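Treat the numbers as computed from the prediction; the structure is a model and nothing was measured.
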Amino acid sequence: MHHPRQLSAAVLLAASSLGASAAAPDMPPLPAQIERIEPAFWWVGMNSDKLQLLVHGPRIADAAPQIGDASAKSVRIESVSRVANPNYLFIDLRIAPDAAPGRVDIVFSHGDERFHAPFELRERSPGSAQRRGFDSSDVILNLVPDRFANGNPANDDVPGYGDPANRADDEAGRHGGDIQGIVDHLDYFHDLGVTMLWPTPLTENRQPRYSYHGYAATDTYRIDPRFGSNEDYRRMVQAARAKGMGVIMDVVLNHIGSEHWWMHDMPAPDWIGFDGRFVQTQHARTTASDPYASLADARVYTDGWFGPNMPDMNQRNPFLATYQIQNAIWWVEYAGLSGLRVDTWGYSDQAFLQEWTRRVMAEYPNLNIVGEEWTAQPTVLMHWLGGGRDAKGTPLPSAMDFPLNGTLRKALASDTDDLHAGLMDLYEGLVNDVLYPRPGNMVLFEGNHDLPRLFSVLKEDVGLTKMALAYVMTMPRVPQLYYGTEVLMTSPTVRDDGKARQDFPGGWAGDKVDAFTGKGLSAKQKDMQAFVRTLLNWRKTQSTVHHGKLVHFVPENGTYAWFRHDADSTVMVVINKNQAETTLDLARFAEVLRTPATARDVLAGKQVKLGATVQLPARSVRIFELRPESSR
C-alpha cells in the first residue's frame, strides 16, 4: 500500500496526454485506425480457451471484425461487444485446443474500408502451467528499484515523460535505479541467500510527479522506460532464474494513476469508482467482513479512490474485470514469474477478487499469490484466506502477516518483559494461527517499503535486530526481508516513505559507501551482513525449518525458546533480551529435547555439547541444529 502526497486537480489536468500508438514493442505496427489492441498477443495451450481483446481507436466500434480465412480454423470470434464510448470494441475469441503458434489475421470492415490488425499466438515455455511458485522454503527480498541501483544512467530521463530524475529529492524524486541495476547485482542477492525477488511495481507510471514508487500505473502492459523495457524485465527474470532465484511481480488491482491512458478516453461511465468522480476511500477494511457494517461504508471502502491521483477501478464492470484477469496471466506467462504480490488487496470488489484468483490459479496451480491486507486484525486476514464461517469462492492463497509483524516489532522494542508485555506478546500472537487455513503459506516480514526501518524501530540495537531476523527466518511462514536491513539502514521511527526508501549504498557511481563490496561499511554493518548471509544460506538447506512442526515455550526471565522438528532433525532457537549473559535451564524442554546432546551452533559454525544448561550472551540469539537422537 502507498499513501503518496496528493497532487492538486489543477496539476493533474495540466499533465499532457499520452501518445496514440501503443503496439507491443516486438509486434508489427498497428494500422492507423487502431491505437491499441490489448493484450497484443497470447499463447496456445492455455487452460482457458477464451480471450477478450480490448481494441481502442477513433470510432472503432463502427467497424466489424472477423478472422481471416487462414486463421479461421484455429481462432473464432464468439462475440463482439460495444460500450458507451465508440472508441472501444471488445472481441471475445475462442482458441482451438490444437491451435498452432503463429499470426492471426483480424480483419476490420467499415463500409468499403478494410484494414488488418496484427495478433499473434505464441508457444508457451516448457512446463509453464506447472511452474513452481514461492513457498516456505524461500526467502523473499523486497526492494524499491528506483532506490536500489542505477545500472543504466541513460534512461534516468526519457523524452515525453515528466518527473525528471532528482536524486536530491528523497521524498518524491526519481533517483534513477532501474532493472539493469537489479541484474547487475543478482550475485549479491544469491550470495546473501535470497531465493525470491519482489521489486515494487515496474509498470509505466507516467505521472507528472511522485512516480518513482510505481503504484499509480498509467499502462499495465508496459514497463516504465525509465526502468527499462518489457524485454529487459523478461531478461531480468531469466537471469535471476539462472542463479536459482524467482521473481514476484507487484500487481495493483484496486487503482491506477490519474494519467492512465484510460483517463483521457474512458470506455464507460462506470469504469472508475463513483463514475469517475473523486470520493476518498475511508480505508475501513473491516467493512468487507464486518457483519454490522453499513452498505454505504462498504461502498466507500471499495469504490472510493485511494487518492485524487489514484482513481479506483470498478471491477463490477465485466470488461474491466476480464482485462485485469488477463493482464495478470499475461505477465506470468510472458515474463516467467514465480508469484504475484497484490497491493491493497481488500479494496477491490470481493466477487472480482475471488474470480481473479480462480482464473490465475487455474492457469498456474502451483503459483503463489500473496495479498497485502494491512491490518492488525487477524480476523480480517482470516476472511480473505477463507477461514471464516462465510468462506466462499476461491480464497487468497497467502497474505502478508501484518499482525505478527506488528507484534514482533512491539515485543522486541518493549523495555518490559513480563506476563503482559514484551516477549509474552510475541508468544501469545501465534495463537492466531488457529484462524488461518494455511498459516505456513503466509508471508512474515521484518519490514517493507511502507514501514519505518526495523533497526530504527528497535532503537538501533544490533542484538534485537538479529533476534527479529532469526524469528522471521525460523517461524512456520514464508520469510521476507527488506533491502538494506542487512546493512542496518535507518529511518525515522514514524512513517516517512522517502527516508525509509533511501538509496542502497553502492548502487550509484561515486557512492562513498558500497555495500556490495564492503567499502566504507562500519564494523557493525559488516557483522550484520555476515549474520544475514549465514542465516539465509543455512536456511536454504533446512527442510525442518521449511516444513517442520513448531513447538514453543512460555518466555521466562527475558528468554524465549522455540523448536522446529520433523522426523529427520530438530532446530532449537532461543533469544535472550537481557542486557546480561543468562543461563538457560534446558530441563523444561524435555518433550522435544533430550540432553546431553551434540548440536551444531549454526551462527558460530561449530559443534557444541548441550548439557543441563546453555549460556546465552547478552542481547543475543542462538540457533542449534540437533541430531535426530537428541530429539524426542
Side-chain angles (χ1 to χ4, degrees), residues 18-19 22 24-26 141-170 172-192 194 197-243 245-250 257 331 334-337 449 483-484 487 498 501-517 519:
L18 301 181
D26 53 352
L141 180 71
N142 171 216
L143 56 90
V144 180
D146 179 70
R147 306 294 172 89
F148 180 69
N150 190 353
N152 179 16
N155 66 14
D156 290 359
D157 292 304
V158 174
Y161 284 71
D163 204 11
N166 179 8
R167 198 179 174 197
D169 181 357
D170 274 341
R174 298 192 76 97
H175 289 193
D178 49 30
I179 290 172
Q180 189 59 49
I182 296 173
V183 172
D184 289 345
H185 299 292
L186 290 174
D187 283 336
Y188 174 77
F189 302 134
H190 178 266
D191 293 346
L192 197 63
V194 169
L197 297 177
W198 157 33
T200 51
L202 289 156
T203 46
E204 183 191 87
N205 270 234
R206 201 170 180 172
Q207 293 289 103
R209 186 172 178 270
Y210 211 166
S211 65
Y212 80 88
H213 55 75
Y215 289 99
T218 55
D219 188 336
T220 58
Y221 274 103
R222 187 184 191 193
I223 296 297
D224 195 294
R226 291 162 293 186
F227 289 134
S229 66
N230 283 20
E231 274 302 306
D232 289 334
Y233 182 68
R234 180 186 172 115
R235 283 191 290 266
M236 178 192 76
V237 177
Q238 292 172 339
R241 187 185 300 115
K243 295 183 182 296
M245 294 178 288
V247 173
I248 299 166
M249 189 176 205
D250 204 331
W331 278 111
Y334 170 75
L337 300 173
H449 60 284
Y483 82 105
V487 289
R501 304 170 185 172
Q502 66 270 61
D503 295 347
F504 191 76
W508 278 255
D511 282 359
K512 294 180 180 179
V513 178
D514 189 338
F516 301 115
T517 66
K519 183 188 77 172

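By the side chain to side chain donor-acceptor pair (under 3.5 Å) test, Y334 is found to be paired with E231, residues two or more places apart in sequence or in another chain being considered. Taking the ring-ring contact (aromatic ring centres under 6.0 Å, His included) definition, one finds that Y483 meets it with nothing, sequence neighbours left out. Contacts of D163 classified as side chain to side chain donor-acceptor pair (under 3.5 Å), with partners at least two apart in sequence or in another chain: S211. D232 is linked by a salt bridge (Lys or Arg N to Asp or Glu O under 4.0 Å) to R235, counting only residues two or more places apart in sequence or in another chain. For R241, there are no salt bridge (Lys or Arg N to Asp or Glu O under 4.0 Å) partners two or more places apart in sequence or in a different chain. Every residue two or more places apart in sequence or in another chain was checked for a ring-ring contact (aromatic ring centres under 6.0 Å, His included) with Y161, and none qualifies. By the salt bridge (Lys or Arg N to Asp or Glu O under 4.0 Å) test, R234 is found to be paired with no residue, residues two or more places apart in sequence or in another chain being considered. The side chain to side chain donor-acceptor pair (under 3.5 Å) check on N205 picks up nothing, with sequence neighbours excluded. A172 meets the side-chain contact (heavy atoms from CB on, under 4.5 Å) test with D169, R209, Y210; sequence neighbours excluded. With sequence neighbours excluded, the residues satisfying salt bridge (Lys or Arg N to Asp or Glu O under 4.0 Å) with R226 are D224. Remark: D157 engages P164, A165 in a side-chain contact (heavy atoms from CB on, under 4.5 Å) (not counting sequence neighbours).
Ring geometry, Y215 versus H449: the interplanar angle falls under 30°, so the pair is classed parallel (tilted spans 30 to 60°).
Judged by distance alone, the side chain of N230 and the main-chain N or O of Y221 form a donor-acceptor pair under 3.5 Å. In this structure, the side chain of D178 engages the main chain of G151 through a donor-acceptor pair within 3.5 Å. Between the side chain of W508 and the backbone N or O of G176, no donor-acceptor pair lies under 3.5 Å.
F189 and F148 have their aromatic ring centers within a separation under 6.0 angstrom.
Contact between N155 and N152 at its shortest, heavy atoms only, is OD1-O, 2.7 Å. For the residue pair P145 and P199, the shortest heavy atom distance occurs at CG-CB, 3.6 Å. Across A149 and H185, no two heavy atoms sit closer than the pair CB-CD2, 3.7 Å. R501 and Y212 make their closest contact through NH1-OH, 3.0 Å (heavy atoms, listed as atom of the first residue, atom of the second, distance). Of all non-hydrogen atoms in P505 and D511, the two that sit nearest each other are C-OD2, 3.9 Å.
Taking CE from M236 and CG from L186, the interatomic distance works out to 8.0 Å, rounded to the nearest 0.5 Å. To the nearest 0.5 Å, atoms CZ (R147) and CG (D170) are separated by 6.0 Å. Between the CG atom of D156 and the CG atom of N166 there is a distance of 11.5 Å, given to the nearest 0.5 Å.
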### H175/N150 under side-chain contact (heavy atoms from CB on, under 4.5 Å): CA gap, chis, key distance, verdict
CA-CA 8 Å; H175 289 193; N150 190 353; over 6 Å; no

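None of I182, T203, I179 except one satisfies the side-chain contact (heavy atoms from CB on, under 4.5 Å) rule with Y233; the exception is I179. Partner of F504 under the side-chain contact (heavy atoms from CB on, under 4.5 Å) criterion, out of V513, V487, D514: V487 alone.
Pairs engaging residues 179-192 under the salt bridge (Lys or Arg N to Asp or Glu O under 4.0 Å) rule: D187-K243 [sequence neighbours left out].
Here the side chains of T200 and L143 are not in contact, with every heavy-atom distance at 4.5 Å or above.
The side-chain tip of R174 points at the ring of F227 from less than 6.0 angstrom away and within 45° of straight on.
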